[in-house]
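Have a look at the structure below, then the notes.
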Amino acid sequence: MRPDAVHAVIAVKHLDRAKSRLADRLPPVDRSRLVLAMLCDTVTAAAEAGLGSVTVVTPDAEVADTVRALGAVVHPDPVSSPEDGLNAALSDAAAAVRRRHGAVDLLALQADLPALRPNELCDMLAAAPSGRAIVADHAGRGTAALLVRGGVAPLAPLFGVDSARRHIASGATDLAGHWPGLRQDVDTAEDLRRAVELGVGPATAALLDDIGWPRPVHVDLTRRCPAGSHVC
């Protein structure tokens with residue numbers, strides 16, 4: 001599968017509500033900055049993989065300004081129930097992508113993949129069969145990526161508790177490739193430690209250095225922030 005035939009959607013909520021499980025390690029302002037930095041590295045990796053487009057759906061003006069500077073499309077967050085806000089936002093953005101680009105393949109990515117490498121995305125797309133497929137997160141319970149090929153089937157995301165199991169039960173293939181950066185989302189301090197060991201992108205590395213994260217940060221020097229990014 002050619003990467004430019006695939007169009008990614010990423011959902012991000014208000015920065016001041018993000019990463020509450022890191023509250024014991026970081027104050028609210030630093031959690032917001034971390035979310036933005038990880039998003040920067042995720043969007044950058046997706047763009048460097050050569051995807052057809054990256055669309056970020058968000059209600060947050062700062063997030064919108066940041067991803068526009070990275071070349072992403074911004075989609076307004078739809079009005080939806082709090083219980084299913086993420087899935088409704090991704091579905092709405094995916095429908096908008098197909099209105100713009102036609103019957104394209106869709107890829108829903110988590111926003112917090114700071115160790116993601118572009119080659120991992122390319123390898124995953126090459127390995128994926130037709131139809132629906134997922135990449136489970138490092139714990140095996142969540143979903144780091146949901147891919148829908150064929151241009152007709154809706155995204156139909158089922159993110160949330162035990163999303164990997166629910167996506168597989170809905171017919172998605174569980175891809176088994178070795179893509180540690182793609183699988184390493186960040187919700188806890190331990191998750192962040194694992195991402196740092198893998199090597200994070202420059203935006204996350206710079207942020208962790210600035211806030212005095214207690215462990216040495218391994219930055220992936222093969223990645224550079226695009227010109228115009230005010231996060232990096």
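Worth saying up front: this structure is predicted, and the values here are computed from it rather than measured. Nothing fancy with the numbering, it's 1 onward along the sequence.
Here Asp210 pairs with Arg33 under the side-chain hydrogen bond (donor to acceptor under 3.5 Å, both in side chains) rule; sequence neighbours left out. By the side-chain hydrogen bond (donor to acceptor under 3.5 Å, both in side chains) test, Thr55 pairs with Arg100, sequence neighbours left out. Evaluation of the ring-ring contact (aromatic ring centres under 6.0 Å, His included) rule for His75 yields no partner, not counting sequence neighbours. In this structure His101 satisfies the ring-ring contact (aromatic ring centres under 6.0 Å, His included) test together with His7, sequence neighbours excluded. Contacts of Ala153 classified as side chain to side chain contact (heavy atoms under 4.5 Å, CB included), with partners at least two apart in sequence or in another chain: Val148. Looking at residues two or more places apart in sequence or on another chain, you find a side-chain hydrogen bond (donor to acceptor under 3.5 Å, both in side chains) between Thr143 and Ser163, His167. For Asp4, the salt bridge (Lys or Arg N to Asp or Glu O under 4.0 Å) partners are Arg2, not counting sequence neighbours. Not counting sequence neighbours, Arg25 has no partner by the side-chain hydrogen bond (donor to acceptor under 3.5 Å, both in side chains) test.
Sequence neighbours left out, the pairs with a member in residues 167-192 that pass salt bridge (Lys or Arg N to Asp or Glu O under 4.0 Å) are Lys19-Asp187, Glu190-Arg193, Glu190-Arg194, Asp191-Arg194. The ring pair (Phe, Tyr, Trp, His ring centres under 6.0 Å) pairs that include a residue from residues 102-124 number zero, where partners must be two or more places apart or lie in different chains. For residues 172-199, there are no ring pair (Phe, Tyr, Trp, His ring centres under 6.0 Å) pairs, not counting sequence neighbours. Contacts classified as ring pair (Phe, Tyr, Trp, His ring centres under 6.0 Å) and involving residues 133-157 (residues at least two apart or in different chains) are not found.
Arg132 approaches Leu146 most closely through the heavy-atom pair NH2-CD1, 4.0 Å.
Side chains of Thr204 and Asp41: a donor-acceptor N/O pair is present below 3.5 angstrom, by distance only.
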